[in-house]
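For ligands, and for the atoms within them, numbers begin at 1 and follow the listed sequence. Positions are given from 1, in the same order as the sequence printed here.
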Amino acid sequence: MLRVEDLELYYGDAQALDRVTLDVPAGEIVAIVGANGAGKSSLIRAIAGIERARAGHIRFKGRDITQMESHQTCDLGIGQVAEGRQIFPSLSVAENLEMGAMLARARAKARETMDEVFTLFPRLAERKGQLAGTMSGGEQQMLSIARCLMGQPELIMFDEPSLGLAPTVVQEVLHTIRLLNRRGITILLVEQNVAVSLKLSQHAYVLENGRVVMSGSGEQLLQDDRVRQAYMGL
Ligand SMILES: Nc1ncnc2c1ncn2[C@@H]1O[C@H](COP(=O)(O)OP(=O)(O)OP(=O)(O)O)[C@@H](O)[C@H]1O
Ligand SMILES: [Mg+2]
């Protein structure tokens, strides 16, 4: 579904991604693992069209999206749940969801999609009039996932979805990701909890200093001594 080939990204003279190549097959959960500053968020932002690659290619469903703007990638079906839950705090839950359905691909079905989203997240239905900024961290994370769903994505890229959440809420978020995947949404997951993200994923890539240094099935990487030492403290 998504293919990244020899992608290079720079911030000024500083290289953030160095010939990154990876595949995200339709229907799978693919994890990106790496230390702080490895380039994980940069990779997601490059795919989303927020950062511009200097070299390489990004293809989505066979189409070259390397030079596309973010609104174009969204309209093709690439959704993003960004780091730090970018909701609109002074808008209500329902208004936040409506914002997620502004895309051409989603507008006509917005009402229907909102019903589906409320079925998936009953807590959001209970709180549709509440200002988003007054919700708990976990509820805000659910809202940002729900808002992404309003755009009817085929691929969702998650950047550290469990950051700063209590363990029970983390479980809820991971459960939601698995559920969305079972419903046919392809997932690219960046998650600080390496053990969990490797368990969840069919394939995983290890990013170090902007380079892919290892890849394999989640299971394989989970057994790998280097991965266990470097990222799981084992
Ligand atoms: N807007 C920017 N301008 C300049 N340098 C940046 C910018 N964004 C990221 N970088 C640099 O690019 C490198 C990769 O950053 P990135 O945020 O992609 O890492 P990351 O793997 O997501 O890290 P973390 O786990 O801390 O979120 C870092 O050295 C970072 O300082
Ligand atoms: Mg990051």
Q. Taking all atoms of both residues into account, what is the closest heavy-atom pair of Glu191 and Pro161, and its distance?
A. OE1-CD, 3.2 Å
Q: For residues 95-111, pull every pair meeting salt bridge (Lys or Arg N to Asp or Glu O under 4.0 Å), keeping only residues two or more places apart or in separate chains.
A: Arg105-Glu154
Q. Is any NZ, NE, NH1 or NH2 atom of the basic residue among Arg211 and Asp18 found under 4.0 Å from an Asp or Glu carboxylate oxygen of the other?
A. yes
Q) For Glu51 and ligand 1, does the shortest N/O to N/O distance drop below 3.5 Å? A) no
Q: Please check if any side-chain donor atom of Asp6 sits under 3.5 Å from a side-chain acceptor atom of His57, or the reverse.
A: no
Q | Shortest reach to atom 19 (O) of ligand 1 by a heavy atom, considering only Gly39, Gly210, Ser42 | A | Gly39
**Q.** Flag side-chain contact, heavy atom, 4.5 Å: Tyr231 against Arg226
**A.** no
Q.
Students should be able to answer this: which protein heavy-atom is nearest to atom 25 (O) of ligand 1, and at what distance?
A. Lys40 NZ, 2.7 Å
Q: Show which atoms of ligand 1 fall inside a sub-4.0 Å distance from at least one heavy-atom site of Glu160.
A: 25 (O), 27 (O)
**Q.** Protein contact for atom 31 (O) of ligand 1 (heavy atom, distance under 4.0 Å)
**A.** no
Q) Can you find a non-hydrogen atom of Arg45 under 4.0 Å from ligand 1? A) yes
Q. Do Ile156 and Gln80 have side chains that get closer than 4.5 Å, going by heavy atoms?
A. no
**Q.** Under 4.0 Å to a heavy atom of Ser41 - the qualifying atoms of ligand 1, by number
**A.** 17 (O), 18 (O), 20 (P), 22 (O), 27 (O)
Q) Under a 4.0 Å heavy-atom limit, does Ala35 contact ligand 1 with its side chain, its backbone, both, or neither? A) backbone
Q: Around atom 6 (C) of ligand 1, find the nearest protein heavy atom and jot down its residue, atom name and distance.
A: Tyr11 CD1, 3.2 Å
Q.
Does the residue Gly37 have a heavy-atom contact with ligand 1, meaning some pair of atoms that are separated by less than 4.0 Å?
A. yes
Q: May I ask you to check if any N/O/S atom from Asn36 comes under 2.8 Å of the Mg ion (ligand 2)?
A: no
Q) Do Glu8 and Arg54 sit within salt-bridge range, that is, some charged N less than 4.0 Å from a carboxylate O? A) no
